[in-house]
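All values below were derived from every heavy atom in this structure, side-chain atoms included, with hydrogens, water molecules and symmetry-related copies excluded.
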Amino acid sequence: MINQKCSTLLLKDRRRRRIIKCIYVVGFMDLFGVSMIIPLLSHHVKALGASPTVAGIVGSTYGILQLFSSTIVGSWSDVVGRRYSLLTCLQLSALGYGLLGMSTSIALFVLARIPVGLFKHSLSICRALLSDLVSASERPLVMGHFNAASSVGFILGPVVGGYLTEREGGFYTSSFTCAAIFIINAGLVWMIPQSETLADRNDTVCRNDTSAGYHENHFSKSVQNGSHTNSHHPLLTAETQQESTSPGKHQGGFRWRDVSFLQPVWKQLSSVGSRIHIVASSDMWDLFLVRLLMAIAIMLYYSNFSLAMEERFSLKPKMTGYLISYSSTLGALAGFLVGPVTQLYKNNMPALLLHSTVLTCTLIFLYAAAPNVWQVLLTSTFFAISTTIGRTCITDLELQRGGVQASGTLIGAGQSVTAVGRILAPLLSGLAQEFSPCGPPSLGVVLALAAVALLLIRIPKWDAREMTKTAKLRNSK
C-alpha cells in the first residue's frame with residue numbers, strides 16, 4: 001500500500017516540477033516588466049510638472065505602501081491560499097500599471113501607484129508557493145534558481161524599456177506592455193490546478209524519504225494543505241493546536257488555509273491578524289535584525305557608487321554602467337551556485353549565513369579602501385555572489401525557524417524589514433557623504449560587523465535549540 005502511494009507520488013512530483021518551472025517564468029516576466037518602468041518613473045513625474053520635492057514624495061509612496069502591506073498580503077496568502085492571492089496581486093498590479101499608462105497628471109500618477117504599492121507582492125507569494133512545493137533540503141536550490149530567473153528579467157527589462165522610450169509615447173507604451181505582462185502571468189498562474197498547489201502530507205513525507213542527501217527528518221514537511229503537524233510548528237499557538245484536534249479537522253495537522261476566500265472578510269482579517277501576531281511575538285528578532293543590518297549595509301555600498309567612482313578614480317559614467325551591469329549579471333548567475341554551496345555545507349544554513357556575512361563585510365571594507373579600479377572590480381565580482389547566497393540563506397532560516405505553514409507571513413515580514421532599510425539607507429548615505437565619498441561603504445562595514453557579532457552570539461543558541469528539538473522528536477517516536 002505504501003509503495004503504491006509512493007509510486008503515485010513520484011508521478012505527481014513530475015507535475016510539481018512543471019509547476020516550479022512555470023513559477024520561474026512568472027518570476028522572470030515579473031521583474032522584466034517592472035524593470036522596464038522603474039528607470040522611467042522619475043523622468044515621467046517631472047515631465048508632468050512635479051517639483052523635485054513633490055517628485056520625491058510621490059516616489060516614496062510606493063515604498064511606504066510596501067512597508068505596511070508586505071506582511072499583511074503575505075499572511076493573507078497563508079489564509080486564502082497561494083493561487084488565489086497570487087492571481088489577485090497580479091491582476092491588481094496589472095490595473096496599476098495600466099493606470100500608469102494613462103497618467104496625464106500627477107494625481108492620476110499617484111492613483112496608479114496605490115494598487116501597485118499595496119499588491120505588488122507577486123514575487124514574495126511565488127517564493128512562499130515554492131516553499132510549499134519542495135522539501136526543506138531542496139528549498140535553497142529552488143529559491144536560488146528562482147532568484148536567478150528573476151534577476152535575468154531585471155537585467156533585460158531596462159534594455160527593452162529604453163528602446164521603447166525612444167519612440168513617441170514610449171513611457172505609455174512601456175506601461176501598457178508591463179500591464180500586459182502581468183495579465184499573461186495571471187493567465188499562467190490560473191492554469192495551475194489548485195489541487196497541485198496544496199502539498200499533501202503523505203506526498204511530502206514520501207518525497208523527503210526518497211530525496212538523496214536529505215537526512216534531517218525533523219525538517220520534513222508534514223503537510224496537509226501546506227501546513228506542518230503540531231510537533232513541527234515553531235509558531236503554533238494553543239488556539240490553533242486546539243482547532244487542529246477539533247471535530248472535522250485533519251488529525252495530525254492544522255490547516256492554515258481552512259479559512260478560504262469564500263469565508264467572510266472579517267474572518268479572513270482575523271486570521272491574518274492572528275498570524276502576524278504569532279510572528280511578531282516569536283523569538284525571531286535576531287534574524288530580522290540581521291536582515292535589516294545587512295540590507296542597509298548592501299544599500300550603502302550601492303548608494304553613491306557612480307559618484308564615488310567618478311570622484312575617487314575619475315571613472316566615466318559609461319564605464320561605471322558597465323561595471324554595474326557586470327556585477328548584476330554575476331548576481332543573477334550566482335543564483336545557480338546556491339544549491340551546490342548549500343550541499344557543500346550539508347544544509348548548515350546558520351554557518352553558511354555567517355560565512356557569507358563575513359565575506360560581504362570584508363568585501364565592503366576592501367571596496368571602501370580600494371586604491372584602484374581593479375580592486376573595485378575584484379570586490380564587485382565576489383560581492384554579487386556573497387550577497388545572493390546571503391539573501392537566500394536568511395530567507396531559508398526564517399522558514400526553518402518560523403515554519404513553512406506561515407511562509408507567506410514570514411516572507412512578507414522579511415520584505416517589510418527590507419523596506420525599512422530602503423527608507424533608512426538614503427538618509428544614512430547622505431549623512432555619511434558629508435564626511436567622505438567613502439563614508440557610505442565605511443558605515444556599511446560597521447553595520448555588517450554588527451550583524452556578524454550578532455550571528456556569533458545567536459548561532460550557538462540556535463544550534464542548542466535545534467538539538468533540543470531533535471531530541472524531543474526522537475523521544476516521542
A.B. asks: Can you check whether L123 reaches S150 side chain to side chain, under 4.5 Å on heavy atoms?
C.D. replies: yes
A.B. asks: Which one of V54, V58, V110 satisfies the side-chain contact (heavy atoms from CB on, under 4.5 Å) criterion with V45?
C.D. replies: V58
A.B. asks: Determine whether I155 and S325 make a side-chain contact, defined as any pair of heavy atoms from C-beta on separated by less than 4.5 Å.
C.D. replies: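 Contact flag for I155/S325 side chains = no.
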A.B. asks: Indicate the ring-plane relationship of F32 and F28, choosing parallel, tilted or perpendicular according to the 30° and 60° boundaries.
C.D. replies: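 Parallel: the ring planes of F32 and F28 meet at under 30°.
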A.B. asks: Would you check if T177 and L164 make a side-chain contact, meaning some heavy-atom pair closer than 4.5 Å?
C.D. replies: yes
A.B. asks: Does S407 use its side chain to pair, donor to acceptor, with the backbone of S131 at less than 3.5 Å?
C.D. replies: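 No, because the side chain of S407 does not come within donor-acceptor range (under 3.5 Å) of the backbone of S131.
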A.B. asks: Nearest 0.5 Å please: distance from the OG1 atom of T388 over to the CG atom of L337.
C.D. replies: 9.0 Å
A.B. asks: Are K120 and F182 close enough that some pair of their side-chain heavy atoms sits under 4.5 Å apart?
C.D. replies: yes
A.B. asks: Determine whether a donor-acceptor pair (N or O, by modelled atom type, separation under 3.5 Å) exists between the side chain of R275 and the backbone of S271.
C.D. replies: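 Judged by distance alone, yes, a pair lies under 3.5 Å.
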A.B. asks: Kindly check if the number of other-residue, nucleotide or ligand heavy atoms within 6.0 Å of CZ (F382) is above 12?
C.D. replies: no
A.B. asks: Is S122 close to L86 at the side-chain level, that is, under 4.5 Å between some pair of heavy atoms?
C.D. replies: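 In short, these two side chains touch, coming nearer than 4.5 Å.
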A.B. asks: Which heavy atom of A186 sits nearest a heavy atom of Q91, and at what distance?
C.D. replies: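 Nearest pair, atom of A186 first, then Q91: CB-CG, 4.2 Å.
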A.B. asks: Is the side chain of S429 donor-acceptor paired with the backbone N or O of A425 at a distance under 3.5 Å, no angle test?
C.D. replies: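 No: the side chain of S429 does not pair with the backbone of A425.
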A.B. asks: To the nearest 0.5 angstrom, please state how far the OG atom of S60 sits from the CZ atom of R422.
C.D. replies: 14.0 Å
A.B. asks: For side-chain contact (heavy atoms from CB on, under 4.5 Å), just list the numbers for W462 and L287, CA-CA rounded to whole Å, side-chain angles, deciding distance to a tenth of an Å, and then say yes or no.
C.D. replies: CA-CA 11 Å; W462 299 349; L287 269 178; 3.7 Å; yes
A.B. asks: Rounded to the nearest 0.5 Å, what separates atom CZ in R127 from atom CD1 in I411?
C.D. replies: 7.0 Å
A.B. asks: Is the number of heavy atoms from other residues, nucleotides or ligands under 6.0 Å of F288 CZ greater than 12?
C.D. replies: yes
A.B. asks: At what distance, to the nearest 0.5 angstrom, does CZ of R16 lie from CG of L130?
C.D. replies: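 R16 CZ to L130 CG: 12.5 Å, rounded to 0.5 Å.
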A.B. asks: With side chains defined as the heavy atoms from C-beta onward, is the minimum distance between V25 and M29 less than 4.5 Å?
C.D. replies: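 Sidechains of M29 and V25: in contact.
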A.B. asks: Give a yes-or-no answer on whether the side chains of T360 and T387 include a donor-acceptor pair shorter than 3.5 Å.
C.D. replies: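 The criterion, which ignores hydrogens and geometry beyond distance, is not satisfied for T387 and T360.
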A.B. asks: Checking S93 side chain against L90 main chain: does a donor-acceptor pair fall under 3.5 Å?
C.D. replies: no
A.B. asks: Taking it one step at a time, do C126 and V26 satisfy side-chain contact (heavy atoms from CB on, under 4.5 Å)?
C.D. replies: CA-CA 8 Å; C126 282; V26 171; 3.9 Å; yes
A.B. asks: For a quick check under 3.5 Å, do S386 and S356 share a side-chain donor-acceptor pair by atom type?
C.D. replies: no
A.B. asks: Identify the residue among T392, I385, I389, L141 that makes a side-chain contact (heavy atoms from CB on, under 4.5 Å) with V341.
C.D. replies: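 Considering T392, I385, I389, L141, a side-chain contact (heavy atoms from CB on, under 4.5 Å) with V341 is found only for I389.
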A.B. asks: Nearest 0.5 Å please: distance from the CD1 atom of I125 over to the CD1 atom of I23.
C.D. replies: 10.5 Å
A.B. asks: Between the main-chain N or O of G335 and the side-chain N or O of N147, is there a donor-acceptor pair closer than 3.5 Å?
C.D. replies: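 Looks like no, no N/O pair under 3.5 Å.
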A.B. asks: side-chain contact (heavy atoms from CB on, under 4.5 Å) for R291 and R391? Distances and angles first, verdict last.
C.D. replies: CA-CA 8 Å; R291 174 185 281 272; R391 282 194 297 266; over 6 Å; no
A.B. asks: Do the two ring centres, one from Y301 and one from F383, sit under 6.0 Å apart?
C.D. replies: yes
A.B. asks: Looking at T71 and S416, what are the two nearest heavy atoms and their distance?
C.D. replies: OG1-OG, 2.9 Å
A.B. asks: I'd like to know whether H43 forms a ring pair (Phe, Tyr, Trp, His ring centres under 6.0 Å) with F171, so could you lay out the CA-CA distance, the side-chain angles of the two residues, the decisive distance to 0.1 Å, and finally the verdict.
C.D. replies: CA-CA 10 Å; H43 297 286; F171 177 81; over 10 Å; no
A.B. asks: Determine whether I324 and Y302 make a side-chain contact, defined as any pair of heavy atoms from C-beta on separated by less than 4.5 Å.
C.D. replies: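 Side chain of I324 against side chain of Y302, heavy atoms only: no contact under 4.5 Å found.
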A.B. asks: Mind checking the CE-CG spacing from M349 to L399? Nearest 0.5 Å is all I need.
C.D. replies: 10.0 Å
A.B. asks: Using a cut-off of 6.0 Å, state whether more than 12 heavy atoms not belonging to Y163 lie near its atom OH.
C.D. replies: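 Not more than 12 within 6.0 Å, no.
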A.B. asks: Quick one: does R82's side chain have a donor or acceptor within less than 3.5 Å of a partner on D132's backbone?
C.D. replies: no
A.B. asks: Can you find a heavy atom in the side chain of L41 that is under 4.5 Å from one in the side chain of F109?
C.D. replies: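 When only atoms from C-beta onward are counted, F109 and L41 do touch, with a gap below 4.5 Å.
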A.B. asks: Could you walk me through whether D78 and T409 pass the side-chain hydrogen bond (donor to acceptor under 3.5 Å, both in side chains) test, one step at a time?
C.D. replies: CA-CA 7 Å; D78 289 330; T409 307; 2.6 Å; yes
A.B. asks: Tell me if the centroids of the rings in F119 and W76 come within less than 6.0 Å of each other.
C.D. replies: no
A.B. asks: Is there a donor-acceptor pair closer than 3.5 Å between any side-chain N or O of Q415 and the backbone N or O of S70?
C.D. replies: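 Not a single qualifying donor-acceptor pair exists.
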A.B. asks: Quick one: side chains of residues 96-106, donor-acceptor pairs under 3.5 Å with protein atoms, not counting sequence neighbours, listed by atom name and distance.
C.D. replies:
from : atom 1 : to   : atom 2 : distance (Å)
S103 : OG     : H44  : NE2    : 3.3
S103 : OG     : L100 : O      : 2.7
S105 : OG     : L108 : N      : 3.3

A.B. asks: Where do G444 and A297 come nearest, in terms of heavy atoms and distance?
C.D. replies: O-CB, 3.4 Å
A.B. asks: Using the six-membered ring wherever Trp is involved, compare the ring planes of F336 and H145 and label them parallel, tilted or perpendicular (cut-offs 30° and 60°).
C.D. replies: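 F336 vs H145 ring planes: tilted.
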A.B. asks: List the atom of I181, the atom of G33, and the distance in Å for their closest heavy-atom pair.
C.D. replies: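 Nearest heavy atoms, I181 then G33: CD1-CA, 3.9 Å.
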A.B. asks: Hey, mind stepping through M294 and L289 against side-chain contact (heavy atoms from CB on, under 4.5 Å) and telling me if it holds?
C.D. replies: CA-CA 9 Å; M294 291 308 299; L289 182 55; over 6 Å; no
A.B. asks: Charged N to carboxylate O below 4.0 Å: is that the case for R139 and D396?
C.D. replies: yes
A.B. asks: Mark yes or no for whether E138, through its side chain, and S135, through its backbone, hold a donor-acceptor pair below 3.5 Å.
C.D. replies: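 Side chain of E138 to backbone of S135, a donor-acceptor pair under 3.5 Å: yes, one is there.
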A.B. asks: Could you report the tightest heavy-atom contact between F68 and I64, atom names first, then the distance?
C.D. replies: CD1-O, 3.1 Å
A.B. asks: Would a distance-only check, ignoring hydrogens and angles, find a side-chain to backbone donor-acceptor pair under 3.5 Å from R83 to I192?
C.D. replies: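 Checked: pair present.
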A.B. asks: Show the nearest heavy-atom pair for residues L40 and G161, with the distance to one decimal.
C.D. replies: CD1-O, 4.3 Å
A.B. asks: State whether the side chain of T342 and the backbone N or O of V338 hold a donor-acceptor pair below 3.5 Å, judged by distance alone.
C.D. replies: yes
